[in-house]
Structure formats: C-alpha cells, structure tokens
2 protein chains.
Amino acid sequence: MRRGKPNDPGRRARILQATLDVIRAGGMEAASYRGIAAHAGVPLGSMTYYFPTLEGLILSALDTTRSDLEPRYADPLREAQTRDDVVDVLVDATIGATSPTLDDIRLYAEIRHYGARNPKVADVLQAVEDDSLVTLHRVLPNSTALAINALLWGWWSHRLAHPDTALDELTVRQAFEALVNLPAPGHPFHEKEQNNA
Amino acid sequence: MRRGKPNDPGRRARILQATLDVIRAGGMEAASYRGIAAHAGVPLGSMTYYFPTLEGLILSALDTTRSDLEPRYADPLREAQTRDDVVDVLVDATIGATSPTLDDIRLYAEIRHYGARNPKVADVLQAVEDDSLVTLHRVLPNSTALAINALLWGWWSHRLAHPDTALDELTVRQAFEALVNLPAPGHPFHEKEQNNA
DNA sequence: AGCTAGTGCGTACACTTGTACGTAGCTTAG
DNA sequence: CTAAGCTACGTACAAGTGTACGCACTAGCT
C-alpha cells in the first residue's frame, strides 16, 4: 500500500553516499545535516525525514563501507595458497593496486577514531576488522594475524601522515615476510607449506 | 615594568594542562574554551586572554606532549646495546611498564588524527615522530625503523580498539623480533651481533 | 468526485560555539 | 595623591548546529 510521491527512489542511497564523501573529505566533524544535504543536492527536510537522527545516518553510512572493504581485501586473501601469495596480497593492499586511496584510509581512520569513544561505531569497526581477521586467520595462526593487522594499519597510518612520500615496496614486503613466516605457537619449528600448483 | 595583578602565576600552565586532560578524556572535539575553562577553574575571559585563539591553545598544549614522550620511550632506546635489548624496549613500550596508558594513546591518536588534516598539527606530529625515529635509526637501518614505528603504532591502536583484551606478550615480542632481525639493505645476509656482557 | 492517510520538505527554535570588546582594579611614575 | 597604563575578566554577538513541527501535495479507496 504505497502512498505519497516517491519521486526520487535513489535519494536515500544518495544521501548515504554523500555522507561518506563528506566524511572522507572533511572528517566526521564535517558531517552535518546541512553540509551533507548540500553535497547530495537535497533539502534539509529530506535529511531528517530519511534519517531522523544524525548519529543514525552516520552509522548507516559507515556500515556500508563494510561491503566495500570485503572484495578488495578479503577476497584476494581467500585465494592465496602459499605464504608468498599472502605476502603479495598484503603488499598490494598496503601500497599496490588494491590498496585504498588516501581518502579511503582517511575514512577508515575516522571509523577507528570515532570507534574509540562511541560504542555504536566501535561495533561497526569490530565488524570490519572481523571480516579481515577471519580471512587472515584461515591461512595464518591467530597471533600472526593480529600482528599483521597491526602492521597493515600502521603502514596505512604512515601513508596518512606522509602523503607526499611513497613507501618503499621492498621495505613493506620484507616486513610482512618477517611476520608471515613467524612460527606458529606450539610449533617451535616453522614449516613452510608448499601446496602451490 | 610589571603592572596589574599577577595573582595566579601558574594559571597559564594550568590551562595548558587542563587542555590536555580534556582532549585525553573527550577528544579534540571536546576541547572548547568553555569546557577547558571549567576544567581548569578559570573564567572564560582568562582563556581568550592567555590564548587569543583556540587553535593556538591546542597547538601549544599538544606541543608540551613532546617532552613527555622523549624520556619514556627514546631514553631507554638510547641505552639499548644489543638487538635483544631493543626488542625488550619495544615490547615494554607496547604493553609493559613504560607503555602509555590508554588515555595517553588516545591523546596521541588525537594528534595523529588531527594532523592528517591540519598542517600545524602535522608539524607537531612530525616532531614527535622524528624524536623516536632518530633514536631508532641509531640502532637499526632506516627501513626497519619505519616498519617498527608502523607496528608500534599498530599495537597501540589495537589496544585502543580492544581496551578490555590484553595483548599477549609473546605475540608482541615475536613480531618485534622478526622486524628487528630484518637484514639491512645492501647486506643480504643478516649478521647477529653479540656484544652483550 | 471527495475523503483520508501518509510522504516529503520548509521553517523555526533552542542551544553551543569562538571571539571581540568594554571595563574594573591594581601598580607604578610623577 | 593623582594620572595613567596594563592585567584580567564579564558580557554580548554572530554563526552554526541538531531537531521538532506543521503544511502541502500525491495516491488510493469509497
């Protein structure tokens, strides 16, 4: 039973997209109803209509990033067979073709930052992180996965703090190699598995 | 030639301290003239008198953190002789006695976060980071120092995102060991130096 | 055609923010 | 003792914020 005028069906989605754009460009503090409305080309009244509370809008928008991260980072990891493959994927995700742009890193940083204080955002962060950790954990022991996650975020953070200086690929690669080849707990001697084609 | 009533000589310093407290507790967005004034127990007029602009106050406050970080992190590193010593210092700085509290990590995170968009804050960040990198660089090759810095920040970030879960010491230690023992560029074979007592 | 329910949005309000500015009061020079 | 100058602060203002609320207008039912 539909009533009223549904004259712009994609409006809700466009607002969500505009929200992410604004956060990417100006940070969470720039995410005001009015600013987002201007960016999306919708009147202020539409904002509060589709999203009665600003926090709700932001949470919804952040949540959509989960589906963005999955294919870019987790998918290639799922296909990695050897430890060397894993290193390749990680290097690529840090500075290569599948690596996020500075704007995307900024967005991810906003989530982490906000998540440190807002429990709702922390849940989103947890979900994003779980997606990648679970995938890493499929190939590597738990402790190694943690360290790699920490280092990956460290590299991304480095890129944020030094936007004009490119990271040296060999430096990044060797660091990941060192972590990936850590011995698993309970197996003091590291066995390199050789199940590639 | 002194005039007027200098009835509270430490007032300026107390304002700076209160500023850091407020940022630690509520983030940069909580750092308002009025909030800080209330926390420091001074009237609003005093704030704008000692610090005519809010950004100036924040920058001054952040800058004082530089002298806090130096002795805690750089000093022990200066005294490290062997690579194992370096690992000890790093593990300690991550989760041990000399490691920052969650509040201090939060403060550092604010600096990094703000620094990604505000050039003035970026300068402060740069200075803080240089202090530690220069010290690391004294013992380790440049690329390794970069990786270690990234990982250290990654671990701190992890603590922020998981305040209730303690990091396993062995996990942290092995990760740092792996990085510290990376071969120097130009020296394909790694030589472990054994100059301990 | 007329009635009704629900969609979409314009406007207004209460509040918080940084900052400018006027002024009170102490301290020294004359 | 008086005048002046500087310190310290109370107050006011303009700008920007989230959100509540009421009005138009469309679409389906009778």
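Bear in mind that the values here come from a model prediction, so they are computed numbers and not experimental data. Residue numbers start from 1 in every chain, and the chains themselves are labelled A, B, ... in the order their sequence lines are given, proteins ahead of strands.
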Rounding to the nearest 10°, end axes of the helix from C:dA1-D:dT30 to C:dG30-D:dC1 built from five pairs each make an angle of 20°
Within this structure, what is the [atom1]-to-[atom2] distance between [X] and [N], rounded to whole angstrom?
X       : N      : atom1 : atom2 : answer
B:Leu57 : C:dT17 : CG    : C1'   : 15 Å
A:Met47 : C:dT7  : CE    : P     : 18 Å
A:Tyr49 : D:dG22 : OH    : P     : 17 Å
A:Leu44 : D:dC21 : CG    : P     : 16 Å
A:Leu59 : D:dG18 : CG    : P     : 14 Å
A:Tyr50 : C:dG6  : OH    : P     : 17 Å

A:Leu20 to A:Thr64 - nearest heavy-atom pair and separation
CD1-OG1, 3.5 Å
Test side chain to side chain contact (heavy atoms under 4.5 Å, CB included) applied to A:Tyr114 and A:Val124, step by step:
CA-CA 10 Å; A:Tyr114 228 57; A:Val124 177; over 6 Å; no
Of all of residues 14-38 of chain A, which get a heavy atom below 4.0 angstrom from DNA chain D, listed by number?
A:Ala31, A:Ser32, A:Tyr33, A:Arg34
Tell me which nucleotide among C:dC9, D:dC9, D:dT19 gets nearest to the side chain of B:Ser46.
D:dC9
Measuring to OP1 and OP2 of C:dT19, would you say a side-chain N or O of B:Thr53 lies under 4.0 angstrom away?
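So the side-chain polar atoms of B:Thr53 do come within 4.0 Å of the phosphate oxygens OP1 or OP2 of C:dT19, strictly under.
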Respond yes when some side-chain nitrogen or oxygen of B:Arg11 is under 4.0 Å from OP1 or OP2 of D:dC9, and no when none is.
yes
Expected output: side-chain [X] to main-chain [Y] donor-acceptor under 3.5 Å:
X        : Y        : answer
B:Trp153 : B:Ala109 : no
B:Thr19  : B:Ile15  : yes
A:Asn149 : A:Ala145 : no
A:Arg24  : A:Leu102 : no
A:Asn181 : A:Ala178 : no

Is the A:Trp155 ring parallel, tilted or perpendicular to the A:His158 ring (thresholds 30°, 60°)?
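Perpendicular: the ring planes of A:Trp155 and A:His158 meet at over 60°.
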Once the angle between the rings of A:His113 and B:His113 is folded into 0 to 90°, is it parallel (under 30°), tilted (30 to 60°) or perpendicular (over 60°)?
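Plane angle under 30°, so parallel.
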